[in-house]
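Worksheet for the structure shown next.
Note: hydrogens, waters and symmetry copies are ignored here, and every other heavy atom, side chains too, is used. Numbers restart at 1 for each chain; the letters A, B, ... are given by sequence-line order, proteins then strands.
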Number of protein chains: 2
Amino acid sequence: MRTRRPADRASEIARAALDLFVTRGFAATKLEDVAKAAAVSKGLPYVYFKNKEELFKAVITEAIGGPLADASDMVDHFDGSSEDLLRGLVAGFRAFEESPAGGVVKLILAEAGNFPDVARFFCAQFDRRGRDLFIRALQRGVHRREFRTIEDIEATAIIIAQPLAMFSVWKRSLAPYDPTTLLDGDRFYTAYLDFLFKGLRP
Amino acid sequence: MRTRRPADRASEIARAALDLFVTRGFAATKLEDVAKAAAVSKGLPYVYFKNKEELFKAVITEAIGGPLADASDMVDHFDGSSEDLLRGLVAGFRAFEESPAGGVVKLILAEAGNFPDVARFFCAQFDRRGRDLFIRALQRGVHRREFRTIEDIEATAIIIAQPLAMFSVWKRSLAPYDPTTLLDGDRFYTAYLDFLFKGLRP
DNA sequence: ATGGATACTGACCAGTCAGTCAATACGGCT
DNA sequence: AGCCGTATTGACTGACTGGTCAGTATCCAT
């Protein structure tokens, strides 16, 4: 048996690509560097991915494929308080965001204009479904009188989700260059949940 | 007198560049396209900007130069309620965000990794100072007993600012590809202010 | 051991684009 | 009109990179 199988190679290349795409941007990343980072030769990525664009799509879809189903299950079957449900959703997002796949958020936002079909796919699979989770959690809380009544639930769900996405982007872009704030994950999520519940309680 | 003066050309080129950088990304934008969009020849940008990177920096600094001073004045001299002050800050951001210069937020976040010095400049000039405005507004409100006490003012200021930045990015990236939500500015800012004050009142 | 299949390599090609520069158009001045 | 200086052009070049492919290495079955 060989030490490395093709499946490993494909995902090694995809991981290296995600990493470089996130830090440098899609256009500024050379496939040769991807190959180097994955410790393979320049030609090998083309064996597993038809071209650079296909690699991009594969990276995105692979990264967001898994974690959403778990979250959806959680909302469906949760039986604690709605505050705890929101806490659970946020914890789920944090786990995703702090994994290597977390970088896709920044990547997608930066490259949506150049890859309309990837953007549409991401909207349908992640943006929309993710937002629905928050909408359902809010509705549940309002219905059970744990939260105050909310004028515009859909817009509020988006507003609630935005700091999460923004923090993910910020961590990977400006944060390394900002010497003044040392806002780490713990501090951010604590303040976020605090503010969130202050705004939602009756 | 000539119909067009050099100063016009420089800012025409900068405007066209900002537009294309925002929609396509820096690396994916050809200077030839910038020239075409500005209705000049390929060589002219190099008369006014040493190279592509200098053009990038000029675009950024020009775009964020103006609007922050006004906001700072507002916080210093405001004499209404702190809620109205926050409303004023948000309105100021909205005006900036909906101007052509609004695209820099997305641009910076996407390209920070490739232009560390621009990133640092932006952090110092915009990110940090902008955040300070919110911090001061929050402190003012707490001090005057218009807002509840806040555990971590600095983190809360960031969290408050994040939806604004994110909405700006989202509008220019995913929104055009998301057929399900029609979240326009009015609806977003209404829900945002609503949620904001629900979370801040004593 | 030999043949063949699969995994992988890296030199090479063709297209692209940042950046240059000799030539030109134009406006003002005398 | 004729000159001068400034603004502008666009063909060109050199470097770089996406993508190809002929060839090599490695393993397995017979």
Could I get the full list of ring pair (Phe, Tyr, Trp, His ring centres under 6.0 Å) partners for Tyr192(A), not counting sequence neighbours? Phe188(A)
In this structure, how many angstroms lie between the [atom2] atom of [N] and the [atom1] atom of [X], rounded?
| X | N | atom1 | atom2 | result |
| --- | --- | --- | --- | --- |
| Phe56(A) | dG18(D) | CZ | P | 14 Å |
| Asp8(B) | dA7(D) | CG | C1' | 13 Å |
| Glu54(B) | dA18(C) | CD | C1' | 14 Å |
| Asn51(A) | dA14(C) | CG | P | 20 Å |
| Leu31(B) | dC17(C) | CG | C1' | 9 Å |
| Phe49(A) | dG19(D) | CZ | P | 13 Å |
| Asp33(A) | dT17(D) | CG | P | 8 Å |
| Tyr46(B) | dC21(C) | OH | C1' | 14 Å |

Which donor-acceptor pairs under 3.5 Å do the side chains of residues 13-32 of chain B make with protein atoms, sequence neighbours left out?
| residue | atom | partner | partner atom | Å |
| --- | --- | --- | --- | --- |
| Thr23(B) | OG1 | Asp19(B) | O | 3.1 |
| Thr23(B) | OG1 | Leu20(B) | O | 3.3 |
| Arg24(B) | NH1 | Asp33(B) | OD2 | 2.9 |
| Thr29(B) | OG1 | Leu20(B) | O | 3.3 |
| Thr29(B) | OG1 | Gly25(B) | O | 2.6 |

Pro163(A) to Ile159(B) - nearest heavy-atom pair and separation: CG-O, 4.1 Å
Taking all heavy atoms of Ala137(B) and all of Leu86(B), pick out the closest pair and write down the distance.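 Where Ala137(B) meets Leu86(B) most closely, the heavy atoms are CB-CD2, 4.0 Å.
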Gln162(A) side chain to Met166(B) main-chain N or O, any donor-acceptor pair under 3.5 Å?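 Looks like no, no N/O pair under 3.5 Å.
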Short side-chain to backbone donor-acceptor contact, Arg172(A) and Gly113(B), under 3.5 Å: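 Flag not set: sc Arg172(A) to bb Gly113(B) has no pair under 3.5 Å.
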Assign the ring pair Phe96(A) / Phe126(A) to parallel, tilted or perpendicular, where the plane angle (0 to 90°) is split at 30° and 60°.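 Tilted.
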Salt bridge flag under 4.0 Å for residues Asp117(B) and Arg120(B):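 No, Asp117(B) and Arg120(B) are not salt-bridged.
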Given salt bridge (Lys or Arg N to Asp or Glu O under 4.0 Å), test Asp132(A) with Arg136(A) step by step and report yes or no. CA-CA 6 Å; Asp132(A) 279 346; Arg136(A) 280 155 63 201; over 6 Å; no
Contacts to DNA chain C from residues 14-29 of chain A, heavy-atom cutoff under 4.0 Å, which residues? none
Listed pairs, N/O of protein and of nucleotides 9-12 of chain C, under 3.5 Å:
| residue | atom | partner | partner atom | Å |
| --- | --- | --- | --- | --- |
| dT9(C) | OP2 | Ser41(A) | N | 2.8 |
| dT9(C) | OP2 | Ser41(A) | OG | 3.2 |
| dT9(C) | O5' | Ser41(A) | OG | 3.4 |

Please tell me if Tyr48(A) has a side-chain N or O lying less than 4.0 Å from either OP1 or OP2 of dC8(C).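 Looking at the OP1 and OP2 atoms of dC8(C), one of them is under 4.0 Å from a side-chain N or O of Tyr48(A).
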Taking only N/O atoms, report every protein-nucleotides 14-16 of chain D pair under 3.5 Å with atom names and distance.
none

In chain order, what residues pass the salt bridge (charged side-chain N to carboxylate O under 4.0 Å, His left out) check against Asp184(A), with sequence neighbours excluded?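 Per chain and number, Asp184(A) pairs via salt bridge (charged side-chain N to carboxylate O under 4.0 Å, His left out) with no residue.
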For a side chain to side chain contact (heavy atoms under 4.5 Å, CB included) check, start with the C-alpha distance between Ser81(A) and Arg87(A), then their side-chain angles and the critical distance, and finish with the verdict. CA-CA 10 Å; Ser81(A) 72; Arg87(A) 259 184 252 276; over 6 Å; no
